[in-house]
Amino acid sequence: MSDTHAQTVAYVREGMLEQQAPPTKEAGAIRWLRENLFPTWLNAIMTLVAIYVIWYLLSGLLPWIISPTWFSGSLSECREILTGAGQSTHQACWGVIRDRWDQLVFGFYPQELYWRPVLALVVLLAGLAPILFGRFPKWFLGFSMASPFIIFLLLWGGPIWFPVMVALGFVLGAVAFRSAVRFNQIVGVLAAILVPILFWLFLAEPIADALTSVLPIGLESISSKQFGGFLLSIVIGVAAIVLSLPLGIMLALGRASDLFIVTKLSVGFIEIIRGVPLIVWLFTASLLLNYFLPPGTNFDLTLRVIIMVTLFSAAYIAEVVRGGLAAVPKGQYEGADSLGLSYWQSMQLIVLPQALKISIPGIVNTFIGLFKDTTLVLFIGLLDPLGLTSTIRASTDWNGIYWELYVFIGLMFFIACFSMGRYSLHLEKKLQREHR
Amino acid sequence: MSEAVTDRTVNRSAMQVSDEVAIEINSMNKWYGTFHVLRDINLTVNQGERIVICGPSGSGKSTLIRCINRLEEHQSGQIIVEGTELSSDLKNIDKVRSEVGMCFQHFNLFPHLTIMENCTLAPIWVRKTPKKEAEATAMHFLEKVKIPEQANKYPGQLSGGQQQRVAIARSLCMKPRIMLFDEPTSALDPEMIKEVLDTMIELAEEGMTMLCVTHEMGFAQAVANRVIFMDQGQIVEQNEPHAFFNNPQSERTKLFLSQILGH
């Protein structure tokens with residue numbers, strides 16, 4: 001190769017060319033219009049047709065939406081306002097949203113205690129922030145861990161000792177894992193599961209009762225039956241989302257595991273839960289479970305629904321995460337193994353961060369589906385926003401109102417689901433590592 | 001490829017071989033299902049030895065070195081690494097893996113972590129080294145492989161040769177007693193092969209025990225004190241490099257050498 005001499009080559013470049021700007025007429029808004037809307041005659045005609053269709057739809061919809069009825073107190077008042085203003089009565093009657101706002105948001109939660117769900121929402125958002133955006137000091141994560149218990153106390157009330165005991169169970173589980181894992185991995189996992197369960201079954205209640213009789217601090221107790229509206233949707237949705245992600249990841253790891261029994265149990269669980277419609281599971285939760293529970297047990301219906309929805313979406317999450325696990329190259333597992341990382345370390349530090357990143361769109365997709373599916377609880381008699389529409393119609397003031405409520409509820413769900421979708425895009429962009 | 005390392009004077013006198021045994025493999029066999037991949041392998045590697053393993057593809061050379069840190073399981077025989085016998089006991093496996101570093105053909109760096117995090121991860125989590133100390137060690141080895149300025153970049157932003165040097169530094173951060181190389185230059189451009197081989201030669205000059213599966217015969221001649229030729233899952237011939245290349249004994253070795261050195 002080194003024998004090649006410059007003299008024998010017919011052409012030699014003297015200097016390299018600098019980068020140059022494109023011609024000016026090939027930039028700006030006019031170029032965009034020409035390229036995207038009117039590049040050929042056919043495309044120009046299509047553009048005009050599309051503009052006409054959009055105008056036609058909006059000209060029908062907008063007059064219905066823009067309606068001066070915000071302050072009306074009943075359907076008949078709406079008609080009076082509209083005829084008084086000389087407008088057609090085929091317009092929306094938005095007064096129902098203002099009039100029944102509290103009910104749509106809080107259900108039958110006692111009015112003087114509305115501050116509790118509102119504060120719970122603030123705690124929820126503050127607790128989620130470090131997990132969602134990951135730019136907070138370490139101690140703030142401690143607050144995130146405590147926030148579920150604070151939220152529970154705020155929403156349901158009762159003596160403070162009950163959520164404290166539940167939290168203590170988790171702490172005991174972590175301590176048991178730490179001390180047992182030194183002897184053996186499997187013993188550690190078993191200890192982490194058994195110790196809290198035994199504590200909750202046998203010790204938590206007597207201790208909580210004893211502490212309550214000594215120090216009766218707490219908030220006024222609210223029954224689940226009084227929950228309703230978006231409060232109920234958000235409680236079920238958020239609880240199921242937060243619980244189903246770790247459960248789904250564990251199921252996915254179980255399905256990908258080398259241990260025969262673990263694999264078969266995970267597969268069986270996933271296939272059975274996934275193969276039956278959610279509404280069947282909800283009926284199971286509300287009706288069938290009573291036959292299995294000992295007579296006289298009062299197992300909160302909302303809690304049962306949360307458990308069912310969690311299990312259902314965990315099965316879906318497990319399959320989405322399994323796809324992510326399969327997409328992580330085998331070399332990553334081997335790289336982690338060759339450095340001496342243990343199974344849990346390599347999963348936590350190497351494999352899951354990559355697998356979850358790949359699975360973000362699928363996971364968020366499942367969450368969006370789950371949140372919308374919370375409206376199914378109306379079939380087992382819980383008053384979610386859709387369930388409340390018939391309650392509102394039952395009053396003489398609003399008898400016969402349909403569209404306005406459904407449009408409003410739909411819009412609220414759209415905002416929630418659209419935000420989740422945007423957040424997923426943001427996260428994907430933030431975690432992009434390959435081509436920066 | 002043999003010219004890739006000849007322009008560098010290799011200091012062979014520094015490469016001391018001790019009498020201490022680093023790896024001992026006794027009549028080891030491995031099957032993939034019913035396929036007999038490794039057949040009756042016997043091999044003893046002393047502390048400080050540099051061994052190059054070559055052979056046609058499918059001859060079991062990668063499988064052999066992957067057995068040494070249990071990325072592959074053997075079905076019969078014995079593998080003893082630094083006095084620890086490999087069995088299904090997870091504790092022994094983790095112990096061996098933390099003593100044995102490995103570099104792969106496709107680097108296997110962790111793409112979601114920076115170069116620095118790649119290098120400090122195992123020392124912090126496996127060796128329980130404090131973060132500051134682990135970072136200082138990582139910087140030391142990154143300087144050694146001549147890419148300290150890339151410490152805060154992600155693997156995807158580096159060239160192949162740089163990535164492989166990071167992979168070497170990442171293994172070195174665990175202060176291993178043995179290094180395994182599984183075709184470390186096979187996925188690289190010719191320009192980058194040299195920078196990786198230079199790093200490996202430096203490592204050899206410091207007395208690291210090395211087992212390299214490679215087709216870089218120039219590297220074998222310059223650095224190895226033993227070349228092993230494998231075919232059909234067996235060790236066919238082993239010798240010191242000069243004799244191996246100039247006077248191969250087996251017909252199979254002669255044919256192989258004529259094919260790879262012939263052009």
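Chain letters run A, B, ... following the sequence lines, proteins first, then strands; residues in each count from 1. Not measured: the values here are computed from a predicted model.
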Residue A:Arg178 excluded, over 12 heavy atoms near CZ under 6.0 Å: no
Check: B:Thr209/B:Glu49 side-chain N/O donor and acceptor closer than 3.5 Å: no
Row check, B:Phe104 ring normal vs B:Arg66 NZ/CZ: under 6.0 Å, within 45°: no
Region of B:Lys91 in contact with chain A, defined by heavy-atom distances below 4.5 Å: side chain
Which of A:Pro353, A:Ser342, A:Ser338 touches chain B most, by non-hydrogen pairs under 4.5 Å: A:Ser338
Interface moiety of B:Val96 toward chain A, non-hydrogen atoms closer than 4.5 Å: neither
More than 12 heavy atoms of other groups within 6.0 Å of B:Lys144 NZ: yes
Side chain, backbone, both or neither of A:Gln345 within contact of chain B (heavy atoms, under 4.5 Å): side chain
Toward chain A, the part of B:Leu109 with a non-hydrogen atom under 4.5 Å: backbone
Among the listed options A:Gln354, A:Lys330, A:Gln332, the residue most often paired with chain B at heavy-atom distances under 4.5 Å: A:Gln332
Salt bridge (Lys or Arg N to Asp or Glu O under 4.0 Å) between B:Lys131 and B:Glu117, intermediate numbers included: CA-CA 10 Å; B:Lys131 193 168 176 239; B:Glu117 287 164 339; over 6 Å; no
